[in-house]
J.: 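Quick one: the structure is below, questions incoming.
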Protein chains: 2
Amino acid sequence: MATDKEGARGRRRHRGNNRVTIEDVAKEAGAAPITVSRALNTPEKVSARLRERIDRAVEALGYVPNLIAGGLASAGTRVIPVVVPSLSILTFIEVIHGIQQTLEAAGYQVLLGSTDFDLDREAALIDSVLGYSPSGVILTGLRHRERAAHRLKAWGRPVVEIMELGEPCIDMNVGIDNAGAGACMAQHLLDRGYRRIAFLGTGMGMARDYRARERYEGHREVLEAAGVESGLLFQHDEPSSYELGRQLFLEALEARPDLEAMHFANDNLAAGAILEANRRGIRVPQDIAIGGYLGLSLGEHLTPRLTTVTVPRFGMGVEAARLLLTRLEGRSLASSRVDIGYELSVREST
Amino acid sequence: MATDKEGARGRRRHRGNNRVTIEDVAKEAGAAPITVSRALNTPEKVSARLRERIDRAVEALGYVPNLIAGGLASAGTRVIPVVVPSLSILTFIEVIHGIQQTLEAAGYQVLLGSTDFDLDREAALIDSVLGYSPSGVILTGLRHRERAAHRLKAWGRPVVEIMELGEPCIDMNVGIDNAGAGACMAQHLLDRGYRRIAFLGTGMGMARDYRARERYEGHREVLEAAGVESGLLFQHDEPSSYELGRQLFLEALEARPDLEAMHFANDNLAAGAILEANRRGIRVPQDIAIGGYLGLSLGEHLTPRLTTVTVPRFGMGVEAARLLLTRLEGRSLASSRVDIGYELSVREST
DNA sequence: CTGTTAGCGCTTTCAT
DNA sequence: ATGAAAGCGCTAACAG
């Protein structure tokens, strides 16, 4: 079959990538390229007979569409950039996992970007990924550089902001109420009868994890309303880790030996604290109660098991992807803002 | 300045995406598009004066290159697909993190794909991502469908296979010697004087995590050579978790109360076991010794601290990305196979 | 060092 | 239901 009808490779100004193109398929099937395109993208617009011939040709030649060319000619590239602050934080990983699984099942690919909590890097990254003509974008948080937000708005394609909830958002928003989650744990600690309660966190400056700061604010308001000392705060600025939880635990214990309960900004820190308590024979919750935030599975395997505010991280990713897909498929949206919620998981550490 | 010299929007057959194009910049700077392209990609080939005018125009118009068009016209898209079995396994996440950080710093984006340990899905995914004209590809493992391996070889761009080490590889290979790692821990347990030693793992069938199986093989050989019972194996088929570690621990203990040491396929399982031992007051290592594999930071915070074989997961990602970049930048490679190594971290659990 | 021209592979518009 | 022609935005090749 492979007689050289048109000379070896025809004209080859650019380095012919020797990949099978839609034109090869068209020739093989005896149809026009556009018809092949239709058979692949909108099969219902091509007669059954032709479609079958085309399918066979595709199979025979092992044709794989060049999505770059498609993306250039039409609109999106079926790529969804997901921009998160960090890949070393398990939370984001789990959200990404939910996003990725949902999008990949729908034939979209996830492009990964991380900003290291730097809004300027985020803006640059957004510029850069928009260069891929993505079908949509998923971002972390509601705070962005003016330029980035503006560009995304002008862009006109679906954008989902995840992790937190609030106004205004660029387009769509899936997240949880951080202040509420902080308040929820604080209230639980009060309900348990604890009065000397500290909040322990890290990276809570404006520039970094301001969501942890919001949880702290929620915590404070509840304590204030209850008329107990509300300013007990211990914080560092490195990334969360078991080690840091250990350190915060020891520091707080030393600074305030009268402390009754510790409210950690996340389960990694809280777990580090419980593990250190185990090691030193400090009894939890009798000597000191410990609460967390996230709902990591590790918490259920500690002794005592960790009381925490469980957040459906994977589910948040799935939901964000769903919103995006709904819009991409042109279906209408019940609401462009989804509160994914949280749940207080009371266990033995408080 | 913005008089409509050529009619509102000129001809607009396709829906003009109204984005600023290289042509707009060229006009603004009074140069040809190709010159703008050169000023951006190979500045040294453009005179300083023109370059400056162009830079100013770029700035003024807020031009962001359309990488899709660039990718179509030239070669790669500065996208590197990274294909891993799962995003719920921390190991892969850490490797991806290393890759992502290194590549992003060099101006490449990571496209994420996961196969759920299914080689057919992997092959389909490879087909699909090749449609993005990526600059290179990073894959997990050395075992692939013939079709996929063949396509990647024919493709001719850099491909790195990570996690394990061996022959043959498609192009480049960065990983560790799994059998060696398994043997290393087994030898350590023997050296410590343990004789009744079990291996506990999960998903070790051919189709799934065969790297764990290789570690088991290494373990067995060492025990066999030492003349002790070498077939003690407990395994499940679900994903690793603390919970599964707990279950394996209890099962093994019940089935063989005379067991002296447990060699877990990874630290997640081993940690689950130690946490359960803590809960039940079983003493480690006096009642039962426990060894792991990976070097998760959690291991150092347990009581007793976990003896494990530490693998530089982040470093493996960095190294894989470096190999890729070296090739992309046309520099020559010292070796296309890098053994990233492992280290026995002896702590108190054995 | 700068520009002209053609074309990457696909899909849009417009016609039949 | 099918096709012809044009062009998405950029860069490789080939001049000057």
Side-chain angles (χ1 to χ4, degrees), chain A residues 6 9-27 29-54 58 61 63-78 130-135, chain B residues 6 9-27 29-54 58 61 63-78 130-135:
Chain A
E6 48 172 352
R9 304 256 83 241
R11 59 282 205 286
R12 62 154 115 43
R13 299 196 22 116
H14 287 30
R15 89 272 105 248
N17 220 337
N18 79 353
R19 268 188 51 152
V20 179
T21 74
I22 203 170
E23 204 179 334
D24 300 327
V25 176
K27 227 166 263 170
I34 180 61
T35 308
V36 176
S37 171
R38 287 202 190 97
L40 264 33
N41 299 316
T42 49
E44 71 280 7
K45 291 188 176 170
V46 174
S47 71
R49 270 194 47 231
L50 228 189
R51 200 170 47 210
E52 197 169 319
R53 281 218 316 280
I54 290 173
V58 165
L61 300 178
Y63 170 68
V64 180
N66 182 328
L67 299 163
I68 294 301
L72 182 56
S74 66
T77 30
R78 300 188 82 81
L130 285 185
Y132 288 104
S133 293
S135 302
Chain B
E6 47 172 354
R9 302 255 84 238
R11 61 294 204 276
R12 61 153 116 45
R13 297 195 27 109
H14 288 29
R15 89 271 106 251
N17 218 338
N18 78 356
R19 269 187 51 153
V20 178
T21 75
I22 203 171
E23 203 179 334
D24 299 328
V25 176
K27 227 166 263 171
I34 183 65
T35 309
V36 175
S37 171
R38 287 202 189 97
L40 263 31
N41 300 315
T42 49
E44 71 278 9
K45 291 187 174 170
V46 174
S47 71
R49 271 194 47 233
L50 227 189
R51 202 171 47 211
E52 197 170 319
R53 281 219 315 280
I54 289 172
V58 165
L61 300 179
Y63 171 68
V64 180
N66 182 329
L67 299 165
I68 293 301
L72 182 57
S74 66
T77 30
R78 301 187 83 81
L130 286 185
Y132 288 105
S133 293
S135 302

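The figures that follow rest on heavy atoms only: side chains count, while hydrogens, waters and symmetry mates do not. Convention: sequence-line order gives letters A, B, ...; per-chain numbering from 1.
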J.: Quick check for you: among dC10(C), dA4(D), dA13(D), whose closest atom lies nearest to any side-chain atom of Ile34(B)?
T.: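 Ranking dC10(C), dA4(D), dA13(D) by closest atom to the Ile34(B) side chain puts dA13(D) first.
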
J.: Step by step, would you call Ile68(B) with Thr77(A) a side chain to side chain contact (heavy atoms under 4.5 Å, CB included)?
T.: CA-CA 9 Å; Ile68(B) 293 301; Thr77(A) 30; 3.6 Å; yes

J.: In this structure, how many angstroms lie between the C1' atom of dT11(D) and the CZ atom of Arg78(B), rounded?
T.: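 Whole-Å distance recorded here is 14 Å.
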
J.: Arg51(A) side chain to Ala39(A) main-chain N or O, any donor-acceptor pair under 3.5 Å?
T.: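 No; zero donor-acceptor contacts below 3.5 Å.
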
J.: Distance check, rounded to the nearest 0.5 Å: Leu61(A) atom CG versus Ile22(A) atom CD1?
T.: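 It comes to 12.0 Å.
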
J.: To the side chain of Leu50(A), which of dC10(C), dT2(D), dC10(D) is closest?
T.: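 So the side chain of Leu50(A) is nearest to dT2(D).
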
J.: May I have the distance from Arg53(A) (atom CZ) to dA1(D) (atom P), rounded to whole angstrom?
T.: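 Arg53(A) atom CZ is separated from dA1(D) atom P by 16 Å.
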
J.: Where the side chain of Ser37(B) is concerned, which of dG3(C), dC10(C), dT11(D) is the nearest nucleotide?
T.: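 Closest of the options to the side chain of Ser37(B): dT11(D).
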
J.: Let me know the distance between CG of Leu40(B) and P of dG9(D), rounded to the nearest Å.
T.: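 Taking atom P of dG9(D) as the reference, CG of Leu40(B) is at 16 Å.
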
J.: Check the distance between dA13(D)'s P and Asn41(B)'s CG and give it to me in whole angstrom.
T.: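 One finds 14 Å between P of dA13(D) and CG of Asn41(B), rounded.
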
J.: dC10(D) phosphate, OP1 or OP2: any side-chain N/O from Tyr63(B) under 4.0 angstrom?
T.: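 Answer yes for this pair, as a side-chain N or O of Tyr63(B) is under 4.0 Å from OP1 or OP2.
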
J.: Rounded to the nearest angstrom, tell me the gap between atom NZ in Lys45(B) and atom P in dT11(D).
T.: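 Rounding to the nearest Å, NZ of Lys45(B) and P of dT11(D) are 13 Å apart.
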
J.: Would you mind reading off the distance between Glu52(B) atom CD and dC1(C) atom C1', rounded to a whole angstrom?
T.: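 For the pair Glu52(B) CD and dC1(C) C1', the rounded distance is 17 Å.
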
J.: If only side-chain N and O atoms of Asn66(B) are considered, is one of them under 4.0 Å from the OP1 or OP2 phosphate oxygen of dC8(D)?
T.: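 No.
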
J.: Once you apply a heavy-atom cut-off of 4.0 Å, does Glu44(B) come out as touching a base, just sugar-phosphate, or nothing?
T.: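 Sugar-phosphate, backbone atoms only, no base.
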
J.: NZ of Lys27(A) versus C1' of dG9(C): gap in Å, rounded?
T.: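 Between C1' of dG9(C) and NZ of Lys27(A): 13 Å.
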
J.: Of the listed nucleotides (dT4(C), dG3(D), dT2(C)), which one gets closest to any side-chain atom of Ser47(B)?
T.: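 Comparing dT4(C), dG3(D), dT2(C) against the side chain of Ser47(B), the answer is dT2(C).
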
J.: Go nucleotide by nucleotide along DNA chain D from the 5' end; which of Thr35(A) and Ala69(A) gets its closest nucleotide reached first?
T.: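 Final value for this comparison: Thr35(A).
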
J.: Quick one: CZ on Arg38(A) to CD1 on Ile54(A), what's the gap to the nearest 0.5 Å?
T.: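 It is 10.0 Å, given to the nearest 0.5 Å.
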
J.: For Ile68(B), answer base if it contacts any base atom (sugar-phosphate contacts may also be present), sugar-phosphate if it contacts only those atoms, and nothing otherwise; contact means non-hydrogen atoms under 4.0 Å.
T.: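 Counting heavy atoms under 4.0 Å across all strands, no contact is made by Ile68(B).
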
J.: In Å and rounded to the nearest 0.5 Å, what is the OH to OG1 distance from Tyr63(B) to Thr21(B)?
T.: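 Rounded to the nearest 0.5 Å, the OH-OG1 separation comes out at 7.0 Å.
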
J.: Measuring from the side chain of Ala73(B) (C-beta onward, heavy atoms only), which nucleotide among dT2(D), dT11(D), dG7(D) has the closest atom?
T.: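 Among the listed nucleotides, the one closest to the side chain of Ala73(B) is dT11(D).
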
J.: Side chain of Ser74(B) only, heavy atoms from C-beta on: which candidate in dT2(C), dT11(D), dA4(D) is closest?
T.: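 Among the listed nucleotides, the one closest to the side chain of Ser74(B) is dT11(D).
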
J.: Picking from dC14(D), dC8(C), dC8(D), which would you name as closest to the side chain of Leu72(A)?
T.: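 The answer is dC8(D).
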
J.: Between Leu67(B) (CG) and dC8(C) (P), how many Å, whole number?
T.: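 The answer, rounded to whole Å, is 21 Å.
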
